[in-house]
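Comments concern the structure below.
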Amino acid sequence: MPQTKHPSGAPHIIDRTTLADLPARAFDAHKGDFGHVLVVGGDLGAGGAAMLSGQAALRCGAGLVSVATRPEHVGAGLARLPECMWLGVDSANQLMGLLERATVLVVGPGLGQAAWGRSLLSAVANAHVPQVWDADALNLLARTPLALPSGSVLTPHPGEAARLLGISTEAVQADRPGAARKLARRYASVCVLKGAGTWVADPAGRLALCERGHPAMAGAGFGDVLSGVVAALLAQGLVAWSAACLAVWLHACAGERLGRGGRGLAASDLVPVIRELLEEHSAC
């Protein structure tokens, strides 16, 4: 990302001119050049969350995408996204081989907070690759402190941020940039505090604000899509700060473009538009 000087601690506004670029791909590029994203999540009744993250990672250019989820969801996943590799897991032991091959992890979409989700999270936390933590991974993190690997990204909404900080949601909303900074420092990771006016913070105190978006995005699954976009950008070589800022901007601008159509916007509707915006920003 281009370096811009700001008054001490002052945020900058995320716009096209401040975003990092993905380099154009070499003619002889192959899938191994663009990372392997592994999405871990989708407990019973929530398989769609992991699918949305996998779809977003695939469409934003990750070389390989795998989804580790409940065995009951594998058939639907293969039918919807045959380009992804689907692994049905009943226990953390079944994850180990896949964790060794992944270069970026997404953990949390549809994970749940029961024994299945807790066991998978404990295995993932020990993998030394950049990770994107969302949803129930954050709720479990609030209950059981864990150290995140270097280069990781947290993507809480205000309620999840409140649980992580041990304060009320109202307190988070009263000082959103302060909450984002505290989380980034506490977990030594980039924090994306979602909401109307998304804040991005890093452990050094850097702060950015995205003012784009649309209220039509107030629905289920939009955070799952965002986590997949962040992971795809990490897989293609962007550092956590740059990946988070670019992903937030792509996600918000796609929602803004589609939100003009009004209510009923579905999270999966964003994915092809995010792909178009990414190509406009960084041509392949």
Side-chain angles (χ1 to χ4, degrees), residues 1 4 6-15 18-19 53 106-109 111 113 121 125 130-215 217-227 229-231 233-234 239-252 255:
M1 169 177 286
T4 304
H6 302 280
S8 59
H12 77 260
I13 304 302
I14 298 174
D15 62 33
T18 65
L19 294 169
S53 290
V106 178
V107 57
L111 185 70
Q113 300 181 54
L121 184 63
Q131 303 185 17
V132 184
W133 284 38
D134 186 32
D136 278 324
L138 300 175
N139 292 323
L140 290 171
L141 180 62
R143 292 161 46 185
T144 307
L146 296 166
L148 276 68
S150 175
S152 293
V153 179
L154 308 177
T155 62
H157 60 53
E160 291 158 351
R163 286 186 280 277
L164 288 166
L165 291 171
I167 60 178
S168 68
T169 302
E170 291 75 17
V172 169
Q173 293 294 72
D175 183 11
R176 288 172 54 77
R181 274 186 166 142
K182 287 176 184 176
L183 285 169
R185 290 185 181 123
R186 178 170 296 185
Y187 293 102
S189 301
V190 169
C191 175
V192 174
L193 180 55
K194 298 179 291 194
T198 291
W199 289 89
V200 183
D202 74 1
R206 186 163 38 169
L207 196 62
L209 171 64
C210 180
E211 298 178 316
R212 309 293 293 268
H214 196 281
M217 299 171 73
F222 287 86
D224 304 318
V225 170
L226 177 62
S227 65
V229 179
V230 176
L233 299 176
L234 289 170
V239 297
W241 172 263
S242 298
C245 288
L246 179 53
V248 164
W249 183 84
L250 291 167
H251 185 263

State, yes or no, whether a side-chain contact exists between [X] and [Y] at a heavy-atom distance under 4.5 Å.
{"X": "Thr18", "Y": "Cys245", "value": "no"}
{"X": "Leu121", "Y": "Val107", "value": "yes"}
{"X": "Val192", "Y": "Lys194", "value": "yes"}
{"X": "Leu209", "Y": "Glu211", "value": "yes"}
{"X": "Arg163", "Y": "Leu138", "value": "no"}

Gap separating the [atom1] atom of [X] from the [atom2] atom of [Y], nearest 0.5 angstrom:
{"X": "Gln113", "Y": "Leu140", "atom1": "CD", "atom2": "CG", "value": "5.0 Å"}
{"X": "Cys210", "Y": "Leu250", "atom1": "SG", "atom2": "CG", "value": "9.5 Å"}
{"X": "Lys182", "Y": "Leu193", "atom1": "NZ", "atom2": "CG", "value": "12.0 Å"}

Donor-acceptor pairs are to be reported for all side-chain atoms of residues 145-159 against protein atoms at under 3.5 Å, with residues two or more places apart or in another chain.
residue	atom	partner	partner atom	Å
Ser152	OG	Gln131	N	3.2
Ser152	OG	Pro149	O	2.8
Thr155	OG1	Trp133	O	3.3
Thr155	OG1	Asp134	OD1	3.0
His157	ND1	Gly159	N	3.1
His157	ND1	Glu160	N	3.2
His157	NE2	Glu160	OE2	3.2

Using a 3.5 Å distance criterion without hydrogens, assess whether the side chain of [X] forms a donor-acceptor pair with backbone atoms of [Y].
{"X": "Thr144", "Y": "Leu141", "answer": "no"}
{"X": "Ser189", "Y": "Ala184", "answer": "no"}
{"X": "Arg212", "Y": "Ile14", "answer": "no"}
{"X": "His251", "Y": "Val230", "answer": "no"}

Closest approach of [X] to [Y] (non-hydrogen atoms, all atoms of both residues):
{"X": "Ser53", "Y": "Asp224", "result": "OG-O, 2.7 Å"}
{"X": "Ala247", "Y": "Leu226", "result": "O-CD1, 3.7 Å"}
{"X": "Pro177", "Y": "Leu207", "result": "CB-CD2, 3.6 Å"}
{"X": "Asn139", "Y": "Asp136", "result": "ND2-OD1, 3.0 Å"}
{"X": "Ala243", "Y": "Leu234", "result": "CB-CD2, 3.8 Å"}
{"X": "Asp175", "Y": "Gly178", "result": "OD1-N, 3.0 Å"}

Mind jotting down which residue pairs meet the side chain to side chain donor-acceptor pair (under 3.5 Å) criterion with at least one end in residues 195-205? Sequence neighbours excluded, please.
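Sorted result for residues 195-205: Asp202-Arg206.
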
Please determine whether side chain to side chain contact (heavy atoms under 4.5 Å, CB included) holds for the pair Leu164 and Arg186, giving the CA-CA distance in whole Å, both sets of side-chain angles, and the decisive distance to 0.1 Å.
CA-CA 9 Å; Leu164 288 166; Arg186 178 170 296 185; 5.8 Å; no

